[in-house]
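Notes follow the structure.
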Amino acid sequence: MMTLKIETPPTSNYDTSEEKQEFNWRQCWYPVCFVQDLPKDRSYSFSLYDEPFVIFKNQDRQLVCLTDRCPHRAARLSDGQVIDGKIECSYHGWQFSTDGKCLHIPQLPADAKIPVNACVSSFKVVEHQGIVWMWAEENKTAVDDVIPTLADLEKPGFVTIDYMRDLPYNQGYFIENVIDPAHIPISHDGIMGNREDAQPLAMEVIESSYQGIRGRYKKIRTPNQPWNLLDFIAPNLIIYQIKVEQRGWFGGIALYSIPVGKDKCRILLRNYGNFFNWKIKYAPRWLDHVLLRNKILEGDLQLVVQQQAQIERLGKNLKEIYLPLKTSDTLVLEYRKWLDKFGTSLPFYQGYSSAKNLGMEDLKQNSTSQDRFLQHTQICSSCNRAYRLTNRLKNIFVGVAIALASAAILVDIYQLKIALVSTALVSVGLAVLAQKIKIQFERSYTRH
């Protein structure tokens, strides 16, 4: 159906005959984070379907991925330290090699052998197109050729704008949200849409198989509108493709995601193209996140949180709850039906007429559903640096203002006193400005 070297339109390298139509979630690559957001000198923890993993670098600076659970007493290996390319559990000092074998147990007598089962599973992890990818099955089954690849990024003149965030809802709801172009004028009104532009859409499913869904849509209010391509590459990627041939503009939006757990997913959003102006190319990454990306993601974040909560409270399948329209929900329904057909191997999912391992017992009060700092700033290297810098500057300006004001009280020379007070007031103003910028990394956007 579709190659993983993504062009326009995608085509297939694979046999899509019915007997081959099987989906194995473990035989897939999962995006963990952008390479630029991976810590340089410490381990990095993440989860896949509630299973914990840790990434670190060996002595050759190559990435290593192990299960993030010490076989001794189940402590997190990611809480430990990396010593000479080995990761050490911080509880009792057990050390593990890059293939998961235990190499050292401080409490074991010198003449005793390390138990055979004192090991952890290892998984292949690679860097590709600026993203860290992890293969979910044992190393020897990994197939590098099936890593989703944006072919345009291999061409000169293409640039990317990357953004990562943890969202407090199931991955299926994220994919449903972003495979639905009809919601954009309403949910993102004033940010990336205009509610006056909400209208019926012509929507078509071009192809559907275990590898994903090829679709397209267009507005029908104005005649002769071009089709927009919108694809789902199973199990983690949605692609909006942009093409303005008369100007030579090509690009798109790639929305990667990883199912962290039942009520949490991580998204890696990548805008790419050869038509970005110099402001987008050279503006600080954190500024784009503060002014635009955070607001876009927060525009309907709480809506989706509550949508999942409502559905789980009802305890019914989506076929009984939804009232879909052909002119807005065609691709949404196709994705949910894809889960019905191919998602049975997943640890959990919510299809259109079926579901697995989801229910009322999973509901909980999500107090962090609008926490920009925890969901983004903390895991984004650019925003984290800018946040720490603005906080440091705020404290410096406050300290300078206090020092200058104190000095002004002590001096008797009128002109010097005025200069000190004026400078102190400027420092106060700069501290207030730094605080306002700092808040942008903490507080979520609200429309009202």
Side-chain angles (χ1 to χ4, degrees), residues 31-47 52-55 76 78-79 130-132 160-169 171 174 177-178 188 191-192 253-261 263-271 279-280 282-305 365-398 430-447:
V32 177
C33 66
F34 291 110
V35 172
Q36 61 184 318
D37 295 318
L38 190 69
K40 290 181 173 58
D41 300 313
R42 60 183 174 85
S43 62
Y44 188 83
S45 63
F46 70 100
S47 295
F53 299 92
V54 59
I55 288 177
R76 294 199 327 168
S78 58
D79 289 332
I131 295 175
V132 177
T160 67
I161 304 170
D162 295 337
Y163 172 89
M164 183 167 66
R165 186 162 184 144
D166 288 335
L167 296 176
Y169 46 79
Q171 182 198 32
F174 169 72
N177 177 244
V178 296
H188 303 293
I191 302 173
M192 63 176 295
I253 305 171
L255 300 119
Y256 305 88
S257 59
I258 179 172
V260 175
D263 294 312
K264 189 176 181 181
C265 67
R266 170 168 293 178
I267 66 157
L268 286 75
L269 185 155
R270 168 168 281 175
N271 284 75
K279 291 181 181 178
I280 296 176
Y282 302 112
R285 183 184 179 217
W286 65 265
L287 187 62
D288 174 77
H289 292 180
V290 165
L291 296 180
L292 183 61
R293 310 296 156 185
N294 281 326
K295 291 182 178 180
I296 292 174
L297 266 293
E298 291 158 5
D300 49 21
L301 190 156
Q302 193 61 28
L303 291 172
V304 181
V305 168
Q365 183 64 34
N366 200 328
S367 60
T368 62
S369 62
Q370 292 279 53
D371 195 320
R372 180 181 291 182
F373 180 81
L374 290 179
Q375 293 174 1
H376 173 68
T377 302
Q378 189 170 251
I379 62 174
C380 173
S381 60
S382 303
C383 289
N384 201 358
R385 282 195 300 269
Y387 173 78
R388 287 186 280 110
L389 177 60
T390 54
N391 191 46
R392 192 178 304 122
L393 289 174
K394 182 198 75 170
N395 293 333
I396 290 172
F397 290 137
V398 169
L430 292 173
V432 170
L433 176 62
Q435 174 64 14
K436 287 183 177 180
I437 296 174
K438 174 176 171 285
I439 288 173
Q440 296 301 310
F441 298 104
E442 300 171 333
R443 297 183 184 174
S444 290
Y445 161 80
T446 54
R447 189 178 304 177

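Worth knowing before you read on, the calculation uses all heavy atoms, side chains too, and leaves out hydrogens, waters and symmetry mates.
Put simply, the side chain of L167 reaches to within 4.5 Å of the side chain of L297, judged on heavy atoms. Side-chain atoms of P52 and R76, non-hydrogen and from C-beta on, never get closer than 4.5 Å to each other. A heavy-atom distance below 4.5 Å is found between the side chains of R165 and N294. At a threshold of 4.5 Å between non-hydrogen side-chain atoms, the residues K438 and Y387 count as touching. Contact check for L301 versus P168: side-chain heavy atoms found under the 4.5 Å cut-off. Contact check for Q440 versus R372: side-chain heavy atoms found under the 4.5 Å cut-off.
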Using the side-chain contact (heavy atoms from CB on, under 4.5 Å) rule, take F441 and V290 through it: C-alpha gap first, then chi angles, then the decisive distance, then the call.
CA-CA 7 Å; F441 298 104; V290 165; 3.6 Å; yes

Show the numbers, then the answer: is there a side-chain contact (heavy atoms from CB on, under 4.5 Å) between Q435 and V432?
CA-CA 5 Å; Q435 174 64 14; V432 170; 5.6 Å; no

Stepwise side chain to side chain donor-acceptor pair (under 3.5 Å) check, Q36 with S381
CA-CA 7 Å; Q36 61 184 318; S381 60; 5.0 Å; no

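Rounding to the nearest 0.5 angstrom, the gap separating the NE2 atom in H188 from the CD1 atom in I296 is 7.5 Å. Atoms OH and CD, from Y169 and Q302 in turn, are 10.0 Å apart once rounded to the nearest 0.5 Å. Rounded to the nearest 0.5 Å, atoms CH2 (W286) and CZ (R385) are 12.0 Å apart. Rounded to the nearest 0.5 angstrom, S43 OG and D79 CG are separated by 7.5 Å. For the atom pair CG (L389) and CG (N384), the distance works out to 11.5 Å, reported to the nearest 0.5 Å. The distance from atom CG of D162 to atom CG of D37, rounded to the nearest 0.5 Å, is 8.0 Å.
Contact between L38 and V132 at its shortest, heavy atoms only, is CD2-CG2, 4.2 Å. Taking both residues in full, the closest heavy atoms of V398 and A431 are given as CG2-CB, 3.8 Å, listed atom of the first, atom of the second, then distance. Across all their heavy atoms, P39 and Y44 have their closest contact at CD-CD1, 3.2 Å. Closest approach of V54 to S78, counting heavy atoms only: CG2-CB, 3.7 Å. For the residue pair D371 and E442, the shortest heavy atom distance occurs at OD1-O, 4.4 Å. Pairing each heavy atom of L268 with each of V32, the nearest pair is CD1-O, 4.3 Å.
Exactly one of Q378, Q375, H376, R266 qualifies for a side-chain hydrogen bond (donor to acceptor under 3.5 Å, both in side chains) with D166. That residue is R266.
Using bins of under 30°, 30° to 60° and over 60° for the plane-to-plane angle, the ring pair F46/F53 lands in the parallel bin.
The pair D288-R293 meets the salt-bridge criterion, since a charged nitrogen lies less than 4.0 angstrom from a carboxylate oxygen.
For the 3.5 Å distance criterion, the side chains of Y163 and N271 fail to qualify, holding no donor opposite an acceptor.
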